[in-house]
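Quick notes on the structure that follows.
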Protein chains: 2
Amino acid sequence: MTKSRATMTQVARLAGVSIKSVSRVINREAHISPRLRERVEAAIAELNYTPDTAARSLAGARAFVVGVLFDNPSPNYTMNIVGGAHEACSAQGYHLRIDNLDSTEQDRALADQLEAVLSHGRCDGFVLTPPLTDIPLVLDTLERHDVRFVRIAPVLAPGRTPTVQIDDFAAAGAVAQCLWGMGHRHFGFVGGPPSHGAAGTRRAGFFSRLKALGLEAMPSEASGDFSFDGGIAAGFALLRTATPPTAIFAANDDMAAGVMVAAAQCGLAVPRDLSVFGFDDSWVALSVWPYLSTVHQPIRAMASAAVSLLLDHPREALALEPVTLDWTLIERGSHGPVRPER
Amino acid sequence: MTKSRATMTQVARLAGVSIKSVSRVINREAHISPRLRERVEAAIAELNYTPDTAARSLAGARAFVVGVLFDNPSPNYTMNIVGGAHEACSAQGYHLRIDNLDSTEQDRALADQLEAVLSHGRCDGFVLTPPLTDIPLVLDTLERHDVRFVRIAPVLAPGRTPTVQIDDFAAAGAVAQCLWGMGHRHFGFVGGPPSHGAAGTRRAGFFSRLKALGLEAMPSEASGDFSFDGGIAAGFALLRTATPPTAIFAANDDMAAGVMVAAAQCGLAVPRDLSVFGFDDSWVALSVWPYLSTVHQPIRAMASAAVSLLLDHPREALALEPVTLDWTLIERGSHGPVRPER
DNA sequence: AATTCATTTGGCAACGCTGTCAAACAATGC
DNA sequence: GCATTGTTTGACAGCGTTGCCAAATGAATT
């Protein structure tokens with residue numbers, strides 16, 4: 001980028017105003033006459049001027065950097081978060097920083113990792129993704145350093161910090177409803193690791209709705225650790241019983257894909273012999289056959305909203321009321337009506 | 001990050017030297033006495049000083065930003081690229097910029113997208129990923145703007161720019177060798193879109209080795225567009241013939257996963273009735289059952305190397321000799337010895 | 001008409017660092 | 001011993017922007 005870029009001084013000269021006024025227009029400050037604004041905007045357009053981030057950051061209080069902190073093994077999830085956050089950032093001329101923490105570390109080590117992140121460079125705020133959102137040590141450390149942050153889909157201490165989420169409880173309820181409506185009465189549930197709180201919420205929503213619908217024998221359960229492998233194992237555990245379920249709901253798509261493998265191994269055809277539902281609508285949902293029925297979580301939009309929350313509000317005015325985005329039930333090929341009892 | 005960070009002036013005062021000397025130590029400039037360096041480094045450590053990127057960028061020629069340009073539908077691939085590039089960047093205190101182009105656009109529109117990217121902010125260089133690496137317009141535009149860039153796995157005009165790659169030809173040959181050694185004599189190949197040049201190289205390497213091994217009837221072929229869907233369709237095309245192949249090599253993992261679906265639909269068990277090989281060792285390779293045999297491409301390392309190439313060499317000294325990283329044949333469960341002819 | 005107050009604009013000193021140039025110092029050759 | 005060269009250090013002026021304060025302008029009140 002050798003090509004010399006226009007500077008504020010040049011814009012000011014062309015518009016016949018002071019550079020301070022140009023600055024005001026750019027920052028949308030109050031008390032600018034329409035006439036001045038027009039002149040400046042014309043000059044900006046003519047010179048194709050873009051403010052220099054480095055200079056803005058040096059002179060002002062903002063760093064023009066927001067960070068995403070994650071510790072999520074799924075590249076699909078992470079990529080969507082990064083993509084969404086990046087979109088929101090670059091729309092406002094901010095840089096995105098990515099930091100991978102290892103939450104399985106000891107407390108002490110985790111704290112050190114965080115300190116390292118914080119001392120690495122200035123940052124206007126962070127976006128936290130699960131399971132980091134629910135680790136008290138992380139929240140405490142961030143708050144102690146007086147750092148702004150938004151949590152995505154936290155379970156712990158809702159209302160403690162600004163939050164972006166979906167209604168996992170209701171979404172899981174919708175899955176139960178859908179399956180129930182197709183005649184299923186024998187259910188299985190594959191849960192996630194305890195560290196991932198949302199898995200618990202999804203379980204609660206699923207069970208609660210089934211109960212409300214009048215189900216007596218609660219679903220059999222197996223834990224799958226949110227992984228494909230875990231899903232296979234959980235699938236076997238659920239399927240190799242005297243009265244196997246006719247429908248299995250897994251708390252994420254990877255495990256649901258694993259359940260489908262287990263079903264195939266057991267000689268069960270999906271969806272004829274077994275209905276499978278996932279959660280997330282991640283990449284893997286379209287990499288299995290039949291395509292996985294699942295709950296679409298607008299992950300990109302959530303990350304984007306989290307960044308906007310950080311950027312659009314003055315330092316103190318971060319709303320604590322959670323921003324709740326919509327989920328969608330995606331009915332693809334992995335579920336269907338229950339077969340008549342043989 | 002309200003906590004006030006140490007500045008160069010403070011370090012200089014503590015070490016009893018001028019700020020310029022501190023600057024010299026930080027930038028590893030020549031002509032610094034060991035004594036001075038030690039004193040400064042001690043002071044830096046004591047104050048936990050980190051140079052301010054914004055100030056460095058404003059004062060100096062570097063922007064401390066490198067960009068990744070991509071247009072790749074696979075989040076796995078992209079995430080690895082971004083991860084690797086980010087790693088290399090943050091190790092040197094650089095920011096990473098991500099820009100998604102749409103290479104299916106008209107030339108004019110593509111050029112506009114590029115111009116927008118270039119005028120968006122200063123940048124010390126770009127990393128290009130396929131298929132952008134092989135679009136002459138992109139290369140021309142970047143060169144015309146006098147922008148440094150490194151291409152990852154290009155096919156077009158090797159040697160024109162700095163490049164990081166693997167030896168696709170040899171890797172595909174190794175797949176052929178492996179399959180041949182297990183007794184296979186009837187092969188199928190699933191190719192990628194013409195825009196993705198590496199698919200062609202993989203095909204050439206596969207065919208060439210088979211020929212060298214003495215195969216007479218060249219493999220049947222089908223095109224799969226690098227997608228799961230395309231792989232399913234190609235799998236059917238290959239399998240539903242009078243003399244179906246006993247081994248299929250797909251130019252990427254997504255298509256290979258699709259081939260496995262087609263095989264299952266045709267009542268063929270993998271690897272008993274059909275051996276399947278993929279390429280990339282992406283996330284999907286471990287999301288199918290049996291796990292996919294494939295060629296591991298060190299994508300993170302490649303991106304990381306690309307950034308290092310950009311950062312470690314002075315403006316003019318980018319080596320044009322391609323950096324070639326190692327691939328690995330990953331033999332998992334989707335291939336095996338051919339069944340005796342029935 | 002004079003006074004007060006709010007609105008709109010400008011001047012200028014930072015912000016933390018690097019580039020340029022020059023000064024101080026040490027080593028070498030005659 | 002003095003000029004010459006090379007090495008090591010420091011002084012200082014920006015880089016492009018924002019924050020603070022003051023000045024100019026206009027409107028409203030007495």
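Just so it is clear, the values below take in all heavy atoms, side chains as well, and ignore hydrogens, waters and symmetry mates. Each chain gets a letter, A, B and so on, in the order the sequences are listed, and its residues count up from 1.
Rounded to 10°, the helix from C:dA1-D:dT30 to C:dC30-D:dG1 has 40° between the axis fitted to its first five pairs and the one fitted to its last five.
For the pair B:Q10 CD and C:dG16 P, the interatomic distance rounds to 8 Å; values are reported in whole Å. Per the geometry, CG belonging to A:L47 stands 14 Å off P belonging to D:dG16, to the nearest Å. For B:I32 and D:dG10, the CD1 to P distance is 12 Å, given to the nearest whole Å. The CD-P distance, from A:E29 to C:dG10, rounds to 13 Å in whole Å. Rounded to a whole Å, the CZ atom of A:R13 is 14 Å from the P atom of C:dG10. A:L58 places its CG atom 12 Å from the P atom of C:dT18, with the value rounded to the nearest Å. The NE2-C1' distance, from A:H31 to D:dC21, rounds to 15 Å in whole Å.
Comparing B:P34 and A:P51 by the nucleotide of DNA chain D that holds the closest heavy atom to each, the one mapping nearer the 5' end is B:P34. Between A:A54 and B:A30, the one whose closest nucleotide on DNA chain D sits nearer the 5' end is B:A30. Checking B:G60 against A:R35, the closest nucleotide of DNA chain C that is more toward the 5' end is the one next to A:R35.
The A:M8 side chain lies nearest to D:dT18 when the options are C:dT9, D:dT18, C:dC15. In the set C:dT9, D:dG16, D:dT17, C:dT9 carries the atom at the smallest distance from any side-chain atom of A:L36. The listed nucleotides are D:dG16, D:dT18, D:dT17; the one nearest the side chain of A:N27 is D:dT18.
In this structure, A:I26 reaches neither bases nor backbone, as no heavy-atom distance under 4.0 Å exists between it and the strands shown. Among the protein residues, B:F64 comes within range of no part of the nucleic acid, since none of its heavy atoms lies under 4.0 Å from any strand.
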Exercise for review: List the steps, then state whether salt bridge (charged side-chain N to carboxylate O under 4.0 Å, His left out) holds for A:D52 with A:R56.
Suggested key: CA-CA 6 Å; A:D52 182 308; A:R56 298 229 276 175; over 6 Å; no
Review point. After noting the C-alpha distance and the side-chain angles of A:R151 and A:R160, does the key distance pass the side-chain contact (heavy atoms from CB on, under 4.5 Å) rule?
Key: CA-CA 10 Å; A:R151 291 190 294 166; A:R160 173 170 171 184; 4.1 Å; yes
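Under 4.0 Å is where a charged nitrogen must lie from a carboxylate oxygen, and between B:D99 and B:R97 at least one such pair does. Electrostatic pairing of B:D112 and B:R108 counts as a salt bridge here, judged by a charged N lying under 4.0 Å from a carboxylate O.
An OP1 or OP2 oxygen of D:dT9 is reached within less than 4.0 angstrom by a side-chain nitrogen or oxygen of B:S33. In terms of phosphate contacts, A:S23 brings no side-chain nitrogen or oxygen within less than 4.0 Å of OP1 or OP2 of D:dT17.
Scanning both residues, A:P136 and A:L156, for their nearest heavy atoms gives CG-CD2, 3.9 Å.
The only member of B:I81, B:N100, B:V307, B:L128 that meets side-chain contact (heavy atoms from CB on, under 4.5 Å) when paired with B:V68 is B:I81. Among the candidates A:V150, A:T163, A:L309, the single residue satisfying the side-chain contact (heavy atoms from CB on, under 4.5 Å) test with A:V323 is A:L309.
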Pairwise N/O distances under 3.5 Å, protein to nucleotides 11-14 of chain D:
none

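You'll find the side chain of A:P298 stays beyond 4.5 Å of the side chain of A:D326, heavy atoms only.
Judged by distance alone, the side chains of B:Q92 and B:D312 do bring a donor and an acceptor atom under 3.5 Å apart.
Between A:H95 and B:H95, the ring planes are parallel. Angles under 30° get that label, and only those over 60° would be called perpendicular.
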